[in-house]
A.B. asks: 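Below is one structure. I have some questions about it.
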There are 2 protein chains.
Amino acid sequence: MTKIDDVARLAGVSTATVSRALRGLPTVSAATRRRVLAAAEQLQYAVSPNASRLAGGKTGTVAIVVPRITRWFFGTVVEAVEDFLDQNGYDLLLYNLGGREQTRQRVLRTASLHKRVDAIILVATPLRPADVAALTKLDLPGVIVSSGSGVPGWPCVRIDDVAAARTATRHLLDLGHTRIAHISGDPDDELAFTTHLDRRRGYQEELHAAGIRTDPSLDVESQFTIDGGIRATAELLSRGEPPTAIFAACDEMAMGAMAALRDAGLRVPQDVSVIGIDDHDLAGVLGLSTVAQPAAEQGLLAARILLNPLGVRGADPYPGLVPPAGGAGTDGAAPTPPVILPTRLVVRESTAPPRAN
Amino acid sequence: MTKIDDVARLAGVSTATVSRALRGLPTVSAATRRRVLAAAEQLQYAVSPNASRLAGGKTGTVAIVVPRITRWFFGTVVEAVEDFLDQNGYDLLLYNLGGREQTRQRVLRTASLHKRVDAIILVATPLRPADVAALTKLDLPGVIVSSGSGVPGWPCVRIDDVAAARTATRHLLDLGHTRIAHISGDPDDELAFTTHLDRRRGYQEELHAAGIRTDPSLDVESQFTIDGGIRATAELLSRGEPPTAIFAACDEMAMGAMAALRDAGLRVPQDVSVIGIDDHDLAGVLGLSTVAQPAAEQGLLAARILLNPLGVRGADPYPGLVPPAGGAGTDGAAPTPPVILPTRLVVRESTAPPRAN
DNA sequence: CTGAAAGCGCTTACAG
DNA sequence: CTGAAAGCGCTTACAG
């Protein structure tokens, strides 16, 4: 447990100089720096983060809050964020809400994050007004990924969920389907979580644009999971004549739908077409048609945006993208419009024209 | 940014008393405690982790190191660990190695973890002798999950990989297969990572026990991923007459194999049976037979074991299990035998008897 | 049961 | 370019 004093003694300088040399501050002579580094190396010195952060006022840590790390999208986002932060010397504190309201309150409501992290990334986290108030009062930089409801001053990175849903629905329409079901998330369960609401809206808009009346019996709510997809599809099939196509709000639901259809003796795509949104790792293996969204890119971009104001290298938060209006700088309180990343249709084997009746 | 002094002033007590009251130490009168809590509540006070940790010598943080958070097993383990730690007031620092040697060195070799965490969980992390030496010198409690190579004094939680592989192989033998291929991980890539070596050994042992000679052309090495499974299977098929069954070392490889077989025009299980190990979330959807391993349980148990010596409630690390020999206490340096969790065969639709020739 | 004081291991103005 | 000193916000013996 060597401390900075030990290094200072061995190098024959003050602790202030050791501190400066080790952090690469320019106000240290080359010779001194060399001696300090040698001493630190020899003693296997590692700075105490707590002491350093307490004295310096920075935590060197970013918190990321996700609903469930085991779901494809969230795992992929976390991995991308961790990668970037790691390369820039930041620690990542993981908060996996996992539906626990207690955890949610502790993370979002208490000031526990205040003195613990320099910044926050919120991924698809539904926010109640009280949450927004608490987060605002934290007065920390933050970024929202994949969510409509925001915190004032926090930039937003996402896809256009309405457009993605319209693309999926249009693909089915283009194939000739008219009895198109939709399975999506449960609003009661997810509070202000807008993703599934937007996707449902896209589904409805595209149907309307095609002159097709939406049929409530073809619109089933369930959870954004494999099991949710299974249950929603079972429910759908129990309602009578099956649809010729199912648009699932995410790939995991779509995969559940494929399983449920198979168990019901229906073939995909001969009897029922299935399409999702995501381009999950396993979509290819399952032959699932989908609207691909860039998950890792959203995470990376969020991390970049965050570390930029913190004065980290690898800056330029908007690689090739134009931050829609709003201007070029760190305008602070100005309501930043969301950065929208592109999606694209990926056609595989799970979608086909309906059987000639 | 209220601090402890503010609370002390408002409550009319010393900071020492505030500290004690807030931490629930018994040496505070009920009346005083009430006043302190009220004051803290009113001021929205939250302790500064850095100051607390610096003064108290504990970090309240556990580090978890995983190869890739996006792989099913690792994501599931992390989620279980995070859950338990969160409920016990610990933070989780996530290190996702992601194949980056640089990250690996930084995490494992430098003393960076030393003053940063109270304990470490290493999941399926291959360790070189230098890593072991560095970790040992850290002198921190740790637990190894799912790995054969250990750090002296660190308990180990895992399954019996040899036995799991034998179970999978035996299932294929029982169905009547004799041309059984194996696809597994690349030893060069994974260093001392013993999982795939053990699984290969189980495969070979079971074949030998059945009097079947192992055929090197049926044993292909690739990566422990979907793509790895695809590539391995393609390689296998390029070698001539296909096997009648494939035992993949993990479900993700098995899923890749299913996709590759389909692309080659081979049906599962009619032409080729496929079995994996894991019981991945999507195994059911894909109808994949597998040998299930308890991933969340391994994570939970690891977290329990770790927090036990740290004096955390929810103690009893071995729920119903007997820590094989070794004794009951915290014997410290005594080489702890690994805690082995059970696996079980799950038969679905991807395995069937070979076609009558 | 409670307080005054020292100390945790750094970093940061302030001088020089 | 470098050092002495104060301070970051807590917790911990030590007294009482």
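Each chain gets a letter, A, B and so on, in the order its sequence line appears, and its residues count up from 1.
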A.B. asks: Taking only heavy atoms on the protein side, list every residue of residues 16-35 of chain B lying under 4.0 Å from any atom of DNA chain D, sorted numerically.
C.D. replies: Ala16(B), Ser19(B), Arg20(B), Arg23(B)
A.B. asks: With sequence neighbours left out, write down each residue that passes side-chain hydrogen bond (donor to acceptor under 3.5 Å, both in side chains) with Gln298(A), or none if nothing qualifies.
C.D. replies: Gln293(A)
A.B. asks: For Ser29(A), give me all partners under side-chain hydrogen bond (donor to acceptor under 3.5 Å, both in side chains), at least two apart in sequence or on another chain.
C.D. replies: Thr32(A)
A.B. asks: Table please: side-chain donor-acceptor pairs of residues 130-145 of chain A below 3.5 Å, with sequence neighbours left out.
C.D. replies:
{"residue": "Asp131(A)", "atom": "OD1", "partner": "Arg109(A)", "partner atom": "NE", "Å": "2.4"}
{"residue": "Asp131(A)", "atom": "OD1", "partner": "Arg109(A)", "partner atom": "NH2", "Å": "3.0"}
{"residue": "Asp131(A)", "atom": "OD2", "partner": "Arg104(A)", "partner atom": "NH2", "Å": "2.3"}
{"residue": "Asp131(A)", "atom": "OD2", "partner": "Arg128(A)", "partner atom": "N", "Å": "2.7"}
{"residue": "Thr136(A)", "atom": "OG1", "partner": "Val132(A)", "partner atom": "O", "Å": "2.6"}

A.B. asks: I'd like to know if Arg9(A) pairs up with Asp6(A) as an ion pair, taking the criterion as any Lys NZ or Arg NE/NH1/NH2 lying under 4.0 Å from an Asp or Glu carboxylate oxygen.
C.D. replies: yes
A.B. asks: Does Asp118(B) use its side chain to pair, donor to acceptor, with the backbone of Val62(B) at less than 3.5 Å?
C.D. replies: no
A.B. asks: Closest approach of Pro67(B) and Asn96(B), non-hydrogen atoms and distance?
C.D. replies: O-OD1, 3.7 Å
A.B. asks: Suppose the criterion is salt bridge (charged side-chain N to carboxylate O under 4.0 Å, His left out): which pairs have a residue in residues 30-40 of chain B, not counting sequence neighbours?
C.D. replies: none
A.B. asks: Which two nucleotides bound the region of DNA chain C that has atoms under 4.0 Å from heavy atoms of chain A, read 5' to 3'?
C.D. replies: dG9(C) to dA13(C)
A.B. asks: Could you list the residues that satisfy side chain to side chain contact (heavy atoms under 4.5 Å, CB included) with Asp83(A), not counting sequence neighbours?
C.D. replies: Gln87(A), Arg100(B)
A.B. asks: List, one per line, each side-chain donor-acceptor pair under 3.5 Å for residues 15-22 of chain B, sequence neighbours excluded.
C.D. replies:
{"residue": "Thr17(B)", "atom": "OG1", "partner": "Ser14(B)", "partner atom": "OG", "Å": "3.3"}
{"residue": "Ser19(B)", "atom": "OG", "partner": "Arg23(B)", "partner atom": "NE", "Å": "3.3"}
{"residue": "Ser19(B)", "atom": "OG", "partner": "Arg23(B)", "partner atom": "NH2", "Å": "2.9"}

A.B. asks: Show which side-chain atoms of residues 48-56 of chain B pair as donor or acceptor with protein atoms under 3.5 Å away, not counting sequence neighbours.
C.D. replies:
{"residue": "Ser48(B)", "atom": "OG", "partner": "Ala51(B)", "partner atom": "N", "Å": "3.2"}
{"residue": "Arg53(B)", "atom": "NE", "partner": "Thr59(B)", "partner atom": "O", "Å": "2.4"}
{"residue": "Arg53(B)", "atom": "NH1", "partner": "Thr59(B)", "partner atom": "O", "Å": "3.2"}
{"residue": "Arg53(B)", "atom": "NH1", "partner": "Thr61(B)", "partner atom": "OG1", "Å": "3.4"}
{"residue": "Arg53(B)", "atom": "NH2", "partner": "Thr59(B)", "partner atom": "O", "Å": "3.1"}
{"residue": "Arg53(B)", "atom": "NH2", "partner": "Asp91(B)", "partner atom": "OD2", "Å": "3.4"}

A.B. asks: With pairs taken as Watson-Crick or G-U wobble and both distances under 3.5 angstrom, which stems of at least three consecutive pairs involve DNA chain D?
C.D. replies: C:1-3 with D:14-16, C:5-12 with D:5-12, C:14-16 with D:1-3
